[in-house]
Amino acid sequence: MILNSENKVLIQGIADPQGTTHAAFMQAYGTNVVAGVHPGQGGQTLHNIPVFDMVEQAIARVGELHTSIIFVSPFDAVDAALEAIAAGIRQLVLVTEGIPPLDMVRLIRQAEVTETSIIGPSSPGIIIPGEVLLGTHPTEFYTPGNIGIVSRSDTLTYEIAGELTRQKMGQSIGIGIGSDTIVGSSFHQWLQILDEDDRTEVIILIGEIGGTSEESAAQYIRDTIDKPVVAYIAGRYAPQGKTIGHAGAAIAAQTTSSDPYVNFFPDANRGTADTKLAAFQQAEIPVAETPSQIPHLVKKFRKKGGRRQK
């Protein structure tokens with residue numbers, strides 16, 4: 001996985017307003033955006049970025065590409081992603097929200113076969129503060145440091161990064177794994193990456209009501225992760241029985257999973273704020289009541305100065 005300024009980036013859907021806007025933001029941040037793809041728009045340039053009709057045409061002109069940021073409409077996004085995979089691109093960021101679940105199943109199977117990393121869908125992507133932006137994170141909230149953030153919630157990621165920055169606590173990375181029903185990468189995968197990352201000293205996990213990924217992550221942290229972890233769960237005060245927020249929060253609490261860690265919290269009413277909080281409590285992972293409390297919990301870990309006690 002290439003997460004630095006050497007990363008050669010393609011933007012699919014670059015002529016859409018969101019693609020055009022964020023192409024400029026990424027470029028201004030220092031991201032090496034070398035090409036864009038938008039069928040029917042080939043031959044023009046946007047922000048001095050050459051635009052092509054097909055991914056293979058872009059590669060023929062600019063050479064190897066490492067990452068594609070995809071802004072294509074929900075029903076065309078997986079075709080765009082499969083086109084990128086077929087052309088040899090092995091890192092994809094799906095900004096698009098609402099991709100049909102069966103399309104995502106097809107994409108994830110192909111990603112597994114080709115060893116392609118997928119972030120999203122419904123994701124702001126990845127930011128390495130001060131170095132590279134692969135997605136839509138508003139960069140003004142971030143500053144370089146050693147706290148890693150992995151999150152299901154876009155806006156809470158920015159808010160918590162901003163809280164840390166105000167307390168002069170910089171971030172090593174910010175990852176939005178996406179909040180749609182089916183996403184390409186998990187808390188587990190990024191927790192492992194951050195646990196092995198030399199620049200990251202403390203990990204912040206931001207979850208939401210709905211689904212069982214937080215319950216699963218709690219045991220994974222308890223069993224596997226050495227670095228300190230602080231959690232926050234969005235939606236803990238939402239009225240029960242109400243469907244709110246992201247698509248991921250609308251997943252039924254009884255969602256089944258083949259993930260062995262899901263059984264860590266074998267309550268029939270999985271997916272609620274209570275089950276998630278109880279899972280983190282059982283794993284002895286501190287959970288902030290508000291985003292503003294997170295810097296305080298991080299400081300407590302730093303005073304202890306060590307690894308997690310298992």
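Residue numbers start at 1 and run along the sequence shown.
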When rounded to the nearest 0.5 Å, the distance separating CD of Gln91 from CD1 of Ile69 is 9.0 Å
Determine, step by step, whether Val51 and Thr45 satisfy the side chain to side chain contact (heavy atoms under 4.5 Å, CB included) criterion, reporting the C-alpha distance in whole Å, the side-chain angles of both residues, the deciding distance to 0.1 Å, and the verdict.
-> CA-CA 6 Å; Val51 179; Thr45 60; 5.7 Å; no
Rounded distance [0.5 Å steps], CD in Glu163 versus OH in Tyr232 = 10.5 Å
Tell me, yes or no, whether the heavy-atom count around Asp198 atom CG, taken from other residues, nucleotides or ligands under 6.0 Å, exceeds 12.
-> no
Within the distance-only criterion (no hydrogens, no angle test), does the side chain of Thr21 pair as donor or acceptor with the backbone N or O of Pro17 below 3.5 angstrom?
-> yes
Treat each ILVMFWY residue as a node, draw an edge where side-chain heavy atoms are under 4.5 Å apart, and state whether Val105 and Leu107 are in one component.
-> yes
Thr114 side chain to Gln110 backbone, donor-acceptor under 3.5 Å = yes
Taking Glu131 for its side chain and Ile128 for its backbone only, find out whether a donor-acceptor pair lies under 3.5 Å.
-> no
Residue pair Asn7 / Thr67, side-chain donor-acceptor N/O under 3.5 Å = yes
Closest non-hydrogen atoms of Gly19 and Ile11, given as atom of the first, atom of the second and distance, are O-CG2, 4.5 Å
Any luck finding a side-chain donor-acceptor pair between Ser68 and Gln12 under 3.5 Å?
-> yes
Check whether any side-chain N or O of Asp53 sits under 3.5 Å from a backbone N or O of Gly42 as a donor-acceptor pair, and report yes or no.
-> yes
Indicate yes or no for a side-chain donor-acceptor contact from Thr31 to the backbone of Leu133 under 3.5 Å, with no hydrogens or angles considered.
-> yes
Is the backbone of Ile118 close enough, under 3.5 Å, to the side chain of Ser185 for a donor and an acceptor to pair up by distance?
-> yes
Do Glu97 and Asp180 touch side chain to side chain, with heavy atoms closer than 4.5 Å?
-> yes
Would you find a donor on one side and an acceptor on the other, under 3.5 Å apart, between the side chain of Arg90 and the backbone of Ile85?
-> yes
Taking the side chain as C-beta and beyond, is there a heavy-atom pair between Gln44 and His38 under 4.5 Å?
-> no
Does a side-chain heavy-atom distance below 4.5 Å link Trp190 with Ile119?
-> yes
Are the side chains of Phe187 and Arg152 in touch, meaning some heavy atoms are under 4.5 Å apart?
-> yes
Which heavy atom of Ala218 sits nearest a heavy atom of Ile285, and at what distance?
-> O-CD1, 3.8 Å
Please tell me if the side chains of Leu164 and Gln171 come closer than 4.5 Å, counting only heavy atoms from C-beta onward.
-> yes
Would you find a donor on one side and an acceptor on the other, under 3.5 Å apart, between the side chain of Gln293 and the backbone of Glu289?
-> yes
Look up atom CD1 in Ile173 and atom CG in Leu3, then write down how far apart they are to the nearest 0.5 Å.
-> 5.5 Å
Closest non-hydrogen atom pair, Ala217 against Leu191 | CB-CD1, 4.2 Å
Taking everything shown except Glu140 itself, do over 12 heavy atoms lie less than 6.0 Å from its CD?
-> yes
Check Pro101 against Ile182 and note the closest heavy-atom contact, atom names and distance.
-> O-CD1, 3.7 Å
Would you kindly say whether Ser151 and Ser153 are connected by a side-chain donor-acceptor distance under 3.5 Å?
-> no
Determine, step by step, whether Ile14 and Phe71 satisfy the side chain to side chain contact (heavy atoms under 4.5 Å, CB included) criterion, reporting the C-alpha distance in whole Å, the side-chain angles of both residues, the deciding distance to 0.1 Å, and the verdict.
-> CA-CA 7 Å; Ile14 192 171; Phe71 292 94; over 6 Å; no
Between Met104 and Leu82, is there a shared hydrophobic cluster once you connect ILVMFWY residues whose side-chain heavy atoms come closer than 4.5 Å?
-> yes
Validation row: Val150, Ile177 side chains within 4.5 angstrom (heavy atoms) = yes
Short side-chain donor-acceptor distance under 3.5 Å, His137 and Thr157 | no
Nearest-0.5 Å distance, OG of residue Ser213 to CG of residue Leu205 | 8.0 Å
Arg61, CZ atom: more than 12 neighbouring heavy atoms under 6.0 Å = no
Salt bridge (charged side-chain N to carboxylate O under 4.0 Å, His left out) evaluation trace for Arg109 with Glu112 = CA-CA 5 Å; Arg109 285 176 176 169; Glu112 290 172 349; over 6 Å; no
Polar side chain donor-acceptor pair, Thr165 to Thr143, under 3.5 angstrom = no
Mind checking whether Tyr142 and Tyr158 have parallel, tilted or perpendicular rings, split at 30° and 60°?
-> perpendicular
Report the distance from atom CD of Glu159 to atom CG of Asp154, rounding to the nearest 0.5 Å.
-> 13.0 Å
Any donor-acceptor pair under 3.5 Å linking the side chain of Thr200 with the backbone of Val202?
-> no
Quick one: which of Glu214, Glu208, Gln281 gives a side-chain hydrogen bond (donor to acceptor under 3.5 Å, both in side chains) with Lys276?
-> Glu214
Can you tell me how far CG of Leu194 sits from CD1 of Ile147, rounded to the nearest 0.5 angstrom?
-> 12.0 Å
Looking only at heavy atoms, which two atoms of Val62 and Val34 are closest? And how far apart?
-> CG1-O, 3.8 Å
Contacts of Glu56 meeting salt bridge (charged side-chain N to carboxylate O under 4.0 Å, His left out) (sequence neighbours excluded), chain-then-number -> none
So, Glu215 and Thr275: side-chain donor and acceptor under 3.5 Å apart, yes or no?
-> yes
Please answer: with hydrophobic residues joined when any side-chain heavy atoms are less than 4.5 Å apart, are Phe141 and Phe25 in the same cluster?
-> no
Cluster link Val183 to Ile126, ILVMFWY, side chain under 4.5 Å | no
Do Asp195 and Gln192 have side-chain heavy atoms sitting under 4.5 Å apart?
-> no
Whether Glu201 side chain and Arg199 backbone form a donor-acceptor pair below 3.5 Å = no
Would you call Leu156 and Pro291 a side-chain contact if the rule is heavy atoms closer than 4.5 Å?
-> yes
Go through Val95 and Gln18 one step at a time and tell me if the side chain to side chain contact (heavy atoms under 4.5 Å, CB included) criterion holds.
-> CA-CA 10 Å; Val95 177; Gln18 190 180 25; 3.9 Å; yes
Decide yes or no on side chain to side chain contact (heavy atoms under 4.5 Å, CB included) for Leu10 and Ile89, but give the supporting numbers first.
-> CA-CA 9 Å; Leu10 171 73; Ile89 300 174; 3.8 Å; yes
Arg222 and Ala283: which non-hydrogen atoms are nearest, and at how many Å?
-> CB-CB, 3.8 Å
